[in-house]
Chemist: 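My questions will all concern the structure given below.
Remember, predicted model here, so these are calculated numbers, not experimental data. Keep in mind that the numbers below use all heavy atoms, side chains included, and drop hydrogens, waters and symmetry copies. Index from 1, following the sequence.
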Amino acid sequence: MPIFQNAAFFISAHHLRDLPPASGIEVAFAGRSNAGKSSALNTLANHNRLAFVSKQPGRTQLINFFTLGNDKHLVDLPGYGYAKVPEAMRNHWQSVLSRYLSERSSLAGLVLVMDSRHPLTPLDRQMLDWFSPSGRPVHVLLTKSDKLSRSEATLTLNKVRKELKEGWGDNITVQLFSSLKKQGVEEAEKVLGHWFFSDNSDASENQIPNPVA
């Protein structure tokens, strides 16, 4: 059975103070509002309505926790970069996201979702800049890869891999992913399963004092 098959909604938070205690293991999903983040979560969980897919990108502005049991959670972060979101809301979530990513001690890794046709936007790079100092791993999903030809997809994957390594080091992996075709699911499960179920003894070395709880 896929490791995320039994994922279920747990809690939503608007402010850092609303988050559950920073215990167990969390893997967060982040990305631009129209990059296919919620669809990727639904595909991995084999659940069409686990994460809310809005026809209006940027509408969902909550940190949503989904439990896998045994104090393990997938965390759906608010999408970023949608121009029609009010400035005050953008500023609020910029602060919340940056603090969550840098301070959350139970966070084992970040899945950064990018549209394979428009990867590594300035806001994607900002997200990597926020998170990479933590020393925790990042796995990039290049979504909507079915929109590219095979040669275009291969070129994009190689280019993004090269830029990630040059800009942020070796602690980042990247793959092609298609929610529509359900391609790349096994590869993503393997990476995230390692984060959730391997020996996490090294995680404590990367924890930052005064974690958000």
Side-chain angles (χ1 to χ4, degrees), residues 1-5 7 27-60 66 74-83 97 101 108-132 136-196 198:
M1 180 181 292
I3 61 175
F4 306 125
Q5 186 77 45
V27 170
F29 283 66
R32 286 180 61 87
S33 298
N34 57 354
K37 175 170 56 67
S38 295
S39 295
L41 269 166
N42 289 339
T43 299
L44 288 170
N46 195 27
H47 192 316
N48 290 335
R49 297 183 62 83
L50 180 72
F52 178 67
V53 180
S54 175
K55 293 182 179 180
Q56 291 183 290
R59 180 177 172 184
T60 305
F66 302 96
L74 298 173
V75 183
D76 186 12
L77 300 177
Y80 54 81
Y82 190 59
L97 289 177
L101 292 170
L110 175 70
V111 177
L112 186 53
V113 179
M114 304 181 194
D115 187 327
S116 60
R117 299 166 298 178
H118 312 287
L120 286 172
T121 66
L123 287 174
D124 294 330
R125 294 171 185 273
Q126 183 180 60
M127 184 65 68
L128 288 165
D129 287 341
W130 278 340
F131 190 71
S132 58
R136 299 177 178 90
V138 178
H139 188 60
V140 174
L141 295 184
L142 296 174
T143 58
K144 307 181 184 180
S145 61
D146 54 282
K147 305 293 185 183
L148 302 176
S149 68
R150 181 170 295 183
S151 60
E152 288 172 334
T154 300
L155 286 171
T156 298
L157 178 63
N158 290 337
K159 180 181 179 182
V160 171
R161 181 179 286 129
K162 183 175 183 290
E163 280 199 60
L164 290 171
K165 183 173 182 178
E166 291 176 349
W168 295 275
D170 296 322
N171 212 23
I172 303 179
T173 49
V174 58
Q175 69 164 99
L176 297 168
F177 192 88
S178 170
S179 295
L180 181 64
K181 302 290 187 180
K182 291 183 167 47
Q183 294 173 345
V185 173
E186 289 186 4
E187 184 177 353
E189 284 183 339
K190 183 177 180 180
V191 174
L192 273 61
H194 178 72
W195 295 355
F196 274 118
S198 67

Chemist: Under a 3.5 Å distance rule, please check whether K165 uses its side chain to pair with a backbone N or O of V160 as donor and acceptor.
Modeler: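 No; judged by distance alone, with no hydrogens or angles, the pair does not exist.
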
Chemist: Decide side-chain contact (heavy atoms from CB on, under 4.5 Å) for V185 and N46; before the verdict, give the C-alpha distance in whole Å, the side-chain angles of both, and the deciding distance to 0.1 Å.
Modeler: CA-CA 10 Å; V185 173; N46 195 27; over 6 Å; no

Chemist: Compare every heavy atom of T156 with every heavy atom of S116, then report the nearest pair and how far apart it is.
Modeler: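 Heavy atoms only, the tightest pair is O-CG2, 3.4 Å.
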
Chemist: Under a 4.5 Å cut-off applied to non-hydrogen side-chain atoms, are F4 and L192 in contact?
Modeler: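 Heavy-atom side-chain distance check passes, below 4.5 Å.
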
Chemist: Can you tell me how far CZ of F177 sits from CG of L142, rounded to the nearest 0.5 angstrom?
Modeler: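 If I round to the nearest 0.5 Å, the distance is 11.0 Å.
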
Chemist: Atom CG of L176 and atom CD of E187: how far apart are they, to the nearest 0.5 Å?
Modeler: 8.0 Å

Chemist: Are L112 and F29 side-chain neighbours, meaning at least one heavy-atom pair lies under 4.5 Å?
Modeler: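 SC-SC contact between L112 and F29 ruled out.
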
Chemist: Please report the shortest heavy-atom distance between T143 and G36, naming the atom on each side.
Modeler: CG2-O, 4.4 Å

Chemist: Mind listing the closest non-hydrogen atom pair of R32 and L123 along with its distance?
Modeler: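 The pair with the smallest heavy-atom distance is NH1-CD1, 3.8 Å.
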
Chemist: Are side-chain heavy atoms of H139 and L141 found at a separation under 4.5 Å?
Modeler: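 Counting from C-beta outward, H139 and L141 do come under 4.5 Å.
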
Chemist: Between R125 and W168, is the side-chain contact (heavy atoms from CB on, under 4.5 Å) condition met? List the steps.
Modeler: CA-CA 10 Å; R125 294 171 185 273; W168 295 275; 3.8 Å; yes

Chemist: To the nearest 0.5 Å, how far apart are OG1 in T43 and CG in L180?
Modeler: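 If I round to the nearest 0.5 Å, the distance is 9.0 Å.
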
Chemist: Can you find a heavy atom in the side chain of M127 that is under 4.5 Å from one in the side chain of L110?
Modeler: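 Yes, close enough: below the 4.5 Å cut-off.
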
Chemist: Quick one: NZ on K144 to NZ on K181, what's the gap to the nearest 0.5 Å?
Modeler: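 Those atoms lie 15.0 Å apart.
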
Chemist: Carefully, step by step, assess S179 and S39 under the rule side-chain hydrogen bond (donor to acceptor under 3.5 Å, both in side chains).
Modeler: CA-CA 6 Å; S179 295; S39 295; 5.0 Å; no

Chemist: Measuring from atom CG of L101 to atom CG of D129, what distance do you get when rounded to the nearest 0.5 angstrom?
Modeler: 12.0 Å

Chemist: Side chains of V138 and N171: does their closest heavy-atom pair fall under 4.5 Å?
Modeler: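 No, too far: nothing below the 4.5 Å cut-off.
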
Chemist: Do you know which two heavy atoms are closest between L44 and E189, and how far apart they sit?
Modeler: O-OE2, 4.1 Å

Chemist: What pair of heavy atoms forms the shortest contact from P137 to A108, and how long is it?
Modeler: CD-O, 3.2 Å

Chemist: Can K162 and E166 be counted as an ion pair, charged N to O under 4.0 angstrom?
Modeler: yes

Chemist: Could you tell me the separation between the OG1 atom of T173 and the NE2 atom of H194, rounded to the nearest 0.5 Å?
Modeler: 10.0 Å

Chemist: With a 4.5 Å heavy-atom cut-off, do V111 and W195 have their side chains touching?
Modeler: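 The answer is yes, as the side chains (C-beta and beyond) meet within the 4.5 Å cut-off.
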
Chemist: Please report the shortest heavy-atom distance between D146 and S178, naming the atom on each side.
Modeler: OD1-OG, 2.7 Å

Chemist: Donor-acceptor pair, distance only, cut-off 3.5 Å: does the side chain of Q175 make one with the backbone of A188?
Modeler: yes

Chemist: For side-chain contact (heavy atoms from CB on, under 4.5 Å), just list the numbers for F196 and L74, CA-CA rounded to whole Å, side-chain angles, deciding distance to a tenth of an Å, and then say yes or no.
Modeler: CA-CA 10 Å; F196 274 118; L74 298 173; 3.8 Å; yes

Chemist: May I ask you to test the V140-D124 pair for a side-chain heavy-atom distance under 4.5 Å?
Modeler: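 Side-chain contact under 4.5 Å: no.
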
Chemist: Before you tell me yes or no, could you show the steps for L155 and L148 under side-chain contact (heavy atoms from CB on, under 4.5 Å), namely the whole-Å CA-CA distance, both residues' side-chain angles and the distance that decides it to 0.1 Å?
Modeler: CA-CA 10 Å; L155 286 171; L148 302 176; over 6 Å; no

